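Structure, as structure tokens:
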Amino acid sequence: MAAHDAAIAERARQQLGLITHRQLGDVGVAPSTITDWVADGRLEVVHPSVFRVAGANAPWRATVLAACLAGGPGAVASHRAAAELHGLPVPAAPVEITARRSRHAFSSGVVLHRPVRLDPLDVTAVAGVPSTSVARTLLDLGAVVHRGRVQEAVDAALRDGRVSADELAARLEALAVRGRPGVTALRAALADGGGGPVPESVLERRFLQVIADLAIPTPVRQFDVRVGGRFLARLDFAWPEHRIGAEVDGHGSHATRRQRAHDLERRNRLAEAGWQLRVFTYEQVAHEADLVRHTMLLVLGASRTA
């Protein structure tokens, strides 16, 4: 490979250690030489038309890029794979791409989607991997995950400033056609936001889902408790008229002595100001929903009758 080392190494460097059959041909490598290099381990076959240069790392995003390269011009990571690239909360992401007219062969493990429409505005790149944009990804997600997962991903994207509600609404209006997968889920997610603060975590969204059907008032999200103008605490959820708050803790009890002391001092300040606080762990919100519902019904019911 000596005569082609520099060109191959540079192209592979740009593509996370990957190179295609066509790109090898473009620098003068004959098909028979490619076969020899595969046989002696200098190239590793990722897909029939895509190779990994020996010694290159193989991070997950390189696996996604390999599928895009195999998909031909215009192929992009999409759906759950794009969500993972954008840092959105999704279940275990398969290697999922969208390609217009790909006739290329793939090794196993690639989920291929054909786009109804893929505008330039819907395409970007994330860490060197071509991908659908955040807005398009959130629309596509509704075709492959349930509505609650779409809501969590929308919350995360809005909270982190990866997309705005106006951008999402604009792309939804432009792309929504009757029967298009994902439209209903994204429209519901935007409507459910209600214009209020976005939940700061997936766990907060799940808490809202757990209590959604209870006969209790809608909580105020991210409520600042103040007494005489002095800030005491910010609560995940609050019912100010009852001086009741609820919080969700994804990490369980704080680990350090200083953190535990801070939590105790904070709760004491709230109690002195007449506030009741209920704190729920991840396990309770995710797996003991009946306990959470019973607790909130009990505390708010008691408050209303007091």
Side-chain angles (χ1 to χ4, degrees), residues 64 71 74-100 110-124 126 130-215 218-219 221 237 248 285-286 289 293:
V64 178
V76 296
S78 64
H79 298 73
R80 286 160 289 187
E84 179 76 21
L85 288 170
H86 286 297
L88 303 176
V90 289
V95 178
E96 206 160 5
I97 71 167
T98 289
R100 294 182 186 276
V110 175
V111 179
L112 176 63
H113 299 273
R114 303 290 189 185
V116 175
R117 171 181 169 185
L118 191 63
D119 297 337
L121 184 60
D122 295 322
V123 176
T124 186
V126 183
S131 171
T132 50
S133 66
V134 173
R136 177 57 184 265
T137 298
L138 291 169
L139 174 61
D140 289 342
L141 268 181
V144 293
V145 301
H146 65 71
R147 188 174 299 182
R149 292 287 193 179
V150 176
Q151 181 71 72
E152 292 168 0
V154 168
D155 287 344
L158 294 174
R159 182 189 66 238
D160 297 342
R162 298 178 186 275
V163 71
S164 70
D166 288 344
E167 288 177 89
L168 277 178
R171 291 316 289 154
L172 180 60
E173 181 179 356
L175 296 169
V177 295
R178 187 174 183 179
R180 185 191 190 99
V183 168
T184 300
L186 181 55
R187 183 173 286 131
L190 287 173
D192 193 52
V198 177
E200 294 190 352
S201 70
V202 168
L203 195 57
E204 289 183 19
R205 171 59 63 184
R206 292 188 181 179
F207 176 83
L208 289 172
Q209 292 168 349
V210 166
I211 67 169
D213 296 331
L214 297 181
T218 301
R221 305 177 193 172
F237 308 99
V248 290
V285 175
R293 294 189 191 97

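These numbers were taken from a predicted model, which means no experiment stands behind them.
A search for side chain to side chain contact (heavy atoms under 4.5 Å, CB included) contacts involving R147 returns T184, A185, A188, not counting sequence neighbours. V111 is linked by a side chain to side chain contact (heavy atoms under 4.5 Å, CB included) to P94, E96, H113, counting only residues two or more places apart in sequence or in another chain. Residues satisfying the side chain to side chain contact (heavy atoms under 4.5 Å, CB included) criterion with S164, sequence neighbours excluded, are D166, E167. Qualifying ring pair (Phe, Tyr, Trp, His ring centres under 6.0 Å) partners for H86, counting only residues two or more places apart in sequence or in other chains: none. Scanning for side chain to side chain contact (heavy atoms under 4.5 Å, CB included) contacts around D119 gives R117, D122, R171, L175, with sequence neighbours left out.
Of all non-hydrogen atoms in F207 and V285, the two that sit nearest each other are N-CG1, 3.8 Å. Counting all heavy atoms, side chain and backbone alike, I97 lies closest to G71 at CD1-CA, 4.3 Å. Taking every heavy atom of both residues into account, V134 and A157 meet most closely at CG1-CB, 4.0 Å. Of all the heavy atoms in A135 and V163, the pair that sits closest is CB-CG2, 4.2 Å. Smallest separation of non-hydrogen atoms from V95 and V64: CG1-CA, 4.1 Å.
With values rounded to the nearest 0.5 angstrom, L88 atom CG is found 14.0 Å from R80 atom CZ. A distance of 9.5 Å separates CZ of R187 from CD of E173, quoted to the nearest 0.5 Å. Once rounded to the nearest 0.5 Å, the distance linking CZ of R221 with CD of E204 reads 9.0 Å.
The closest side-chain donor-acceptor pair between T132 and T137 falls under 3.5 angstrom.
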Contacts under 3.5 angstrom, residues 138-145 side chains, donor-acceptor by atom type, not counting sequence neighbours:
| from | atom 1 | to | atom 2 | distance (Å) |
| --- | --- | --- | --- | --- |
| D140 | OD1 | R136 | NE | 3.0 |
| D140 | OD2 | R136 | NE | 3.2 |

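Counting heavy atoms from C-beta outward, P219 and L208 have side chains that approach closer than 4.5 Å. Under the 4.5 Å side-chain criterion, counting only non-hydrogen atoms from C-beta, V90 is not in contact with R149.
Distance alone, capped at 3.5 Å, places no donor-acceptor pair between the S131 side chain and the V126 backbone.
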